[in-house]
Trainee: 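Could you have a look at this structure, given as structure tokens, before my questions?
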Amino acid sequence: MSESPIHLRAIQSDDAEAYRHLRLEGLKLYPKAFSSDYADQVTRPMDFWTQRVSSACNSPNQIIYLAETPEGLVGTAGLVRGESPKERHNALLVGIYVKAAYQGQGLAEKLITACLEWGKVHGIQIVKLGVGAYNTAAIRLYQRLGFVQYGNEPKALWVDGEYLDEWQMAKEIMS
Ligand SMILES: CC(C)(COP(=O)(O)OP(=O)(O)OC[C@H]1O[C@@H](n2cnc3c(N)ncnc32)[C@H](O)[C@@H]1OP(=O)(O)O)[C@@H](O)C(=O)NCCC(=O)NCCS
């Protein structure tokens with residue numbers, strides 16, 4: 001476990017290169033944990049990442065939080081709200097990743113809590129997420145934070161010759 005000091009902050013436009021690196025690492029090391037695919041994302045031009053990061057900067061529709069040490073980015077979590085006026089009270093928690101050396105220190109919990117606080121400030125009522133049914137560490141984390149399972153999507157992903165079911169979980173953040 002690393003002892004480096006860790007700072008949490010919202011993403012900025014000049015984080016595109018470092019965010020790309022962190023995101024691709026997560027997709028490569030944990031292919032079962034994400035619907036995005038490493039082989040597809042690694043071929044995307046830098047413009048794709050620049051655009052993605054700039055959309056999350058100073059937006060009322062999405063946020064990406066980063067955990068940073070003096071050595072670089074070590075964790076991330078994002079929240080994206082529904083686009084339609086009928087869906088804007090919903091948001092999806094996405095891209096939750098903490099580097100292995102920094103896991104087990106409560107970092108994901110802090111990143112997600114920051115996303116939920118941002119959601120409250122921006123008037124979001126309910127936050128939803130999808131998590132692999134196999135991913136007991138992540139499910140425990142979400143349950144600890146008050147997320148409750150409301151569904152199960154059979155065969156949501158097909159990864160390395162295996163079908164994976166996905167739990168759908170939700171948490172009301174405004175009463
Ligand atoms: C799932 C994941 C995001 C969790 O990140 P994390 O920062 O390790 O999460 P936390 O530290 O908040 O919690 C994990 C464990 O550490 C424990 N922990 C929390 N704070 C701690 C501390 N200060 N000291 C020791 N252990 C601690 C928690 O109790 C928890 O243990 P448990 O699962 O037995 O209950 C991370 O393992 C990961 O990136 N995995 C690969 C990608 C992935 O699965 N993403 C989720 C996709 S839905």
Side-chain angles (χ1 to χ4, degrees), residues 1-11 15 18-42 49 52 56 62-82 90-119 124 126-173:
M1 185 184 291
S2 176
E3 299 292 329
S4 300
I6 302 169
H7 171 62
L8 256 64
R9 63 173 176 84
I11 204 164
D15 288 316
Y19 178 73
R20 173 183 182 274
H21 187 78
L22 182 71
R23 174 81 176 144
L24 288 176
E25 178 187 278
L27 297 182
K28 189 170 191 180
L29 295 181
Y30 300 94
K32 294 188 341 182
F34 304 102
S35 54
S36 294
D37 184 52
Y38 175 80
D40 167 53
Q41 300 273 306
V42 75
W49 299 95
R52 176 159 178 180
Q62 54 174 304
I63 184 76
I64 296 174
Y65 278 102
L66 302 173
E68 187 175 41
T69 71
E71 290 79 48
L73 301 182
V74 299
T76 181
L79 193 68
V80 182
R81 85 188 299 159
N90 282 277
L92 207 55
L93 197 57
V94 294
I96 315 293
Y97 174 56
V98 173
K99 280 168 94 82
Y102 293 85
Q103 292 175 7
Q105 304 179 42
L107 207 45
E109 191 167 324
K110 288 185 185 138
L111 286 161
I112 294 167
T113 301
C115 288
L116 299 181
E117 286 304 316
W118 183 93
I124 287 162
I126 185 164
V127 174
K128 296 171 183 167
L129 63 86
V131 54
Y134 76 90
N135 199 345
T136 48
I139 288 172
R140 269 199 307 273
L141 163 70
Y142 301 138
Q143 286 172 332
R144 216 168 39 240
L145 285 165
F147 284 85
V148 174
Q149 184 188 11
Y150 69 90
N152 181 64
E153 186 183 349
K155 293 189 175 178
L157 300 183
W158 187 78
V159 184
D160 296 336
E162 189 185 357
Y163 288 109
L164 301 172
D165 291 0
E166 187 175 278
W167 280 26
Q168 282 124 7
M169 304 183 81
K171 176 183 167 75
E172 299 259 4
I173 59 170

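All values below were derived from every heavy atom in this structure, side-chain atoms included, with hydrogens, water molecules and symmetry-related copies excluded. For ligands, and for the atoms within them, numbers begin at 1 and follow the listed sequence. The first residue in the sequence is number 1, and the count goes up from there.
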Trainee: How does Tyr134 reach ligand 1, by side chain, by backbone, by both or by neither, if only non-hydrogen atoms under 4.0 Å count?
Mentor: neither

Trainee: My understanding is that only residues two or more places apart in sequence, or in another chain, count here; which of them pass ring-ring contact (aromatic ring centres under 6.0 Å, His included) with Tyr134?
Mentor: none

Trainee: Counting only nitrogen or oxygen atoms and a 3.5 angstrom limit, does Val98 reach ligand 1?
Mentor: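 Right, the criterion is met.
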
Trainee: For Asp160, look at atom CG and say whether over 12 heavy atoms of other residues, nucleotides or ligands are found less than 6.0 Å away.
Mentor: no

Trainee: Report, in ascending order of atom number, the atoms of ligand 1 lying under 4.0 Å from any heavy atom of Glu109.
Mentor: 12 (O)

Trainee: Please report the shortest heavy-atom distance between Leu111 and Gly75, naming the atom on each side.
Mentor: CD1-C, 3.8 Å

Trainee: Mark up the atoms of ligand 1 that fall under 4.0 Å of a heavy atom belonging to Arg140, in ascending order.
Mentor: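 Within the 4.0 Å cut-off of Arg140, ligand 1 contributes 32 (P), 33 (O), 34 (O), 35 (O).
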
Trainee: Does Gly104, backbone or side chain, put an N or O under 3.5 Å from an N or O of ligand 1?
Mentor: yes

Trainee: Using distance alone, decide if ligand 1 has a nitrogen or oxygen within less than 3.5 Å of any nitrogen or oxygen in Gly106.
Mentor: yes

Trainee: Of the choices Gln103, Arg144, Lys99, Gln105, which has the non-hydrogen atom that lies closest to atom 13 (O) of ligand 1?
Mentor: Arg144

Trainee: If we only count heavy atoms from C-beta on, is the Leu8 to Leu107 side-chain gap below 4.5 Å?
Mentor: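 Yes - at least one pair of side-chain heavy atoms lies under 4.5 Å apart.
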
Trainee: For Leu164, does its backbone N or O pair with a side-chain atom of Lys32 as donor and acceptor, under 3.5 Å?
Mentor: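 Checking the backbone N and O of Leu164 against the side chain of Lys32, no donor-acceptor pair under 3.5 Å is found.
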
Trainee: So, do Thr113 and Tyr65 sit near enough that their side-chain heavy atoms are less than 4.5 Å apart?
Mentor: no

Trainee: State, with a plain yes or no, whether a side-chain heavy atom of Ile112 is found less than 4.5 Å away from one of Leu141.
Mentor: yes

Trainee: Can you tell which of Ala67, Gly95, Ala33 gets a heavy atom nearest to atom 47 (C) of ligand 1?
Mentor: Ala33

Trainee: If you measure every N or O of Asn135 against every N or O of ligand 1, does any of those distances drop under 3.5 Å?
Mentor: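 Between Asn135 and ligand 1 (N or O atoms, distance only) the closest approach is under 3.5 Å.
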
Trainee: Is a side-chain donor or acceptor of Gln168 paired with a backbone partner of Lys128 at a separation under 3.5 angstrom?
Mentor: no

Trainee: Identify, by atom number and element, the atoms of ligand 1 in contact range of Tyr97, meaning under 4.0 Å from any of its heavy atoms.
Mentor: 39 (O)

Trainee: Decide whether an N or O pair under 3.5 Å exists between Val131 and ligand 1.
Mentor: no

Trainee: Counting heavy atoms only, which of Ile96, Leu145, Val74 comes nearest to atom 46 (C) of ligand 1?
Mentor: Ile96

